[in-house]
There are 2 protein chains.
Amino acid sequence: MTGLRERKKFATRQALGIAAMRLAIERGLENVLVEDIAAAAGVSPRTYNNYFANKYEAICALATDRAVRAGLALRERPPDEPLWESIRHSVLVEYEGGDPDPEWVAGVRLVTAAPELHGEYLKARRAMEHELADAIAVRTGASAGDLEPVVLAAAVNAATEHAVGQWLEAGGSVPVHAYVQNALCELESLLPVERPIR
Amino acid sequence: MTGLRERKKFATRQALGIAAMRLAIERGLENVLVEDIAAAAGVSPRTYNNYFANKYEAICALATDRAVRAGLALRERPPDEPLWESIRHSVLVEYEGGDPDPEWVAGVRLVTAAPELHGEYLKARRAMEHELADAIAVRTGASAGDLEPVVLAAAVNAATEHAVGQWLEAGGSVPVHAYVQNALCELESLLPVERPIR
DNA sequence: CCAAAAACTGCGCGCCACGCAAATATTCGC
DNA sequence: GCGAATATTTGCGTGGCGCGCAGTTTTTGG
């Protein structure tokens with residue numbers, strides 16, 4: 001990742017993602033052309049298509065990256081930490097800085113409100129589920145094909161999305177962070193692990 | 001649903017969905033034009049777009065319908081039946097007849113193999129999750145905004161998809177049915193409900 | 001500093017989503 | 001049944017998109 005090539009590539013991807021989200025928020029999804037996004041990121045339309053196959057991928061790129069990072073974060077928690085605590089930390093970093101930032105809030109609102117984005121957004125969430133499941137499997141020493149890590153990851157994802165939904169409905173005076181933490185704690189009590197996974 | 005109008009509309013939608021899936025299987029996703037699907041269903045290309053916004057929606061239409069039906073099925077189980085049994089029945093009907101049918105198998109393979117279809121397929125699965133969650137909430141008497149039904153539905157979905165994945169890997173000598181039933185039973189033991197939900 | 005590898009770009013083509021308005025089919029009150 | 005009201009289908013036209021191709025520019029490794 002230290003090569004100039006890779007850094008530039010990543011920067012372009014990120015610039016496109018940010019530009020796409022910004023434009024979609026301020027103009028509305030339908031009034032953004034691929035051409036606009038490319039221009040805003042200082043790149044030719046043709047190059048845009050080397051990074052993303054369509055508008056929606058670009059808009060969700062940030063969400064995708066963040067989601068994947070949650071999985072990586074879990075892998076890097078100290079292995080002696082209780083699993084639930086590790087999961088809570090890994091998921092919560094996703095929502096750490098974002099909450100008061102009005103652009104972040106608008107982004108969440110956009111992604112949940114626009115049906116055209118749902119498919120892409122779900123792909124991002126599922127990517128996180130997979131990362132989480134793998135990381136959990138490593139931690140619990142599960143063998144390949146085991147059901148438990150998969151279910152656990154899915155439950156975490158569902159609880160998280162549910163929390164965000166509740167937070168959105170509530171109007172946003174309390175930070176998301178609190179909602180998500182709450183949901184994860186409640187989830188923990190719903191999934192009592194007989195042989196306590198550490 | 002008894003009006004001629006509604007029946008025709010439903011028939012067209014189904015014809016388009018079937019045609020789309022068939023063509024995609026026998027030619028490969030990239031070699032199917034919207035025009036072809038419309039023609040195969042005996043409808044103008046313009047009409048196609050009154051039903052579906054793109055190729056992928058049409059291809060996944062059957063999956064979507066089946067997924068939603070699972071939710072409805074749960075609502076119609078006898079309320080005195082144990083909840084887990086109701087869930088198992090409702091989910092299993094999705095996989096009842098399909099398994100030996102080579103076209104059904106090819107469809108599952110296509111949907112899981114082609115990345116372009118993932119977003120749409122995930123939307124179908126999530127629709128089922130919502131239906132299941134609602135039905136479960138009714139059954140357990142949960143109040144609006146409760147986490148438990150949502151998590152339960154997500155877990156059921158994850159277990160189901162996991163089972164199908166395992167079955168695909170195994171090559172298909174044992175029917176899917178068995179895999180899914182297995183996974184759901186295992187899931188049941190993973191989610192011991194303290195105050196036993198009936 | 002140079003050759004190999006990779007990324008960016010312009011061009012062009014076929015496909016697609018959708019608004020609009022005319023034609024056709026279905027429903028419903030009478 | 002009949003005719004008006006309401007839905008659906010369809011053709012046409014347009015703007016936008018996805019991507020293969022081939023030429024140029026940039027980065028890399030030696």
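Each chain gets a letter, A, B and so on, in the order its sequence line appears, and its residues count up from 1.
In this structure a side-chain-to-backbone donor-acceptor pair under 3.5 Å is missing from A:Asp146 to A:Glu148. Of the possible polar contacts, one joining the A:Ser90 side chain to the A:Ser86 backbone as a donor-acceptor pair under 3.5 Å is found.
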- Query: What is the per-nucleotide protein-contact pattern of nucleotides 23-30 of chain D, from the 5' end, where B denotes a base atom under 4.0 Å from a protein heavy atom, S denotes such proximity for sugar-phosphate atoms only, and - denotes neither?
  - Reply: ---SBS--

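Between B:Thr47 and D:dT9 there is no side-chain N or O to OP1 or OP2 distance below 4.0 Å. OP1 or OP2 of D:dA7 has not a single side-chain nitrogen or oxygen of B:Lys9 nearer than 4.0 Å. Phosphate proximity of D:dG18 to A:Asn49: present, with a side-chain N or O under 4.0 Å from OP1 or OP2.
Going from atom CD1 of A:Ile37 over to atom C1' of D:dC17 covers 12 Å, rounded to whole Å. The separation between A:Arg13 atom CZ and C:dC8 atom P is 13 Å, rounded to whole Å. Taking atom CG of A:Leu33 as the reference point, atom P of D:dG15 lies 12 Å away to the nearest angstrom. Counting to the nearest Å, the C1' atom of C:dA17 and the CD atom of A:Glu30 are 11 Å from each other. Residue B:Glu116 contributes atom CD, which lies 8 Å from atom P of D:dC19 at whole-angstrom precision.
In the region residues 52-64 of chain A, proximity to DNA chain D at under 4.0 angstrom, judged on heavy atoms, holds for A:Ala53, A:Asn54.
Placement of B:Met21 and B:Leu16 in two distinct hydrophobic clusters is found when ILVMFWY residues are connected by side-chain heavy-atom separations under 4.5 Å, directly or transitively. By the rule that hydrophobic residues join a cluster once side-chain heavy atoms approach within less than 4.5 Å of another member, B:Tyr48 and B:Leu23 end up as members of one cluster.
Between B:Leu110 and B:Leu117, some side-chain heavy-atom pair lies under the 4.5 Å cut-off.
Salt bridge B:Glu94/B:Arg69: absent, no basic N to carboxylate O contact under 4.0 Å. Using a 4.0 Å cut-off between a side-chain N of Lys or Arg and a carboxylate O of Asp or Glu, A:Lys55 and A:Glu116 do not qualify as a salt bridge. Salt bridge present: A:Glu188 and A:Arg88 bring a charged side-chain N and a carboxylate O closer than 4.0 Å.
Among D:dG11, C:dC8, C:dT9, the nucleotide with an atom closest to any side-chain atom of A:Arg46 is C:dT9. Closest contact between the side chain of A:Asn50 and the listed nucleotides C:dT9, D:dC17, D:dC12 involves C:dT9.
Counting non-hydrogen atoms under 4.0 angstrom, A:Tyr51 reaches the backbone sugars and phosphates but no base.
Taking CZ of B:Arg66 as the reference point, atom OH of B:Tyr95 lies at 7.0 Å (rounded to 0.5 Å).
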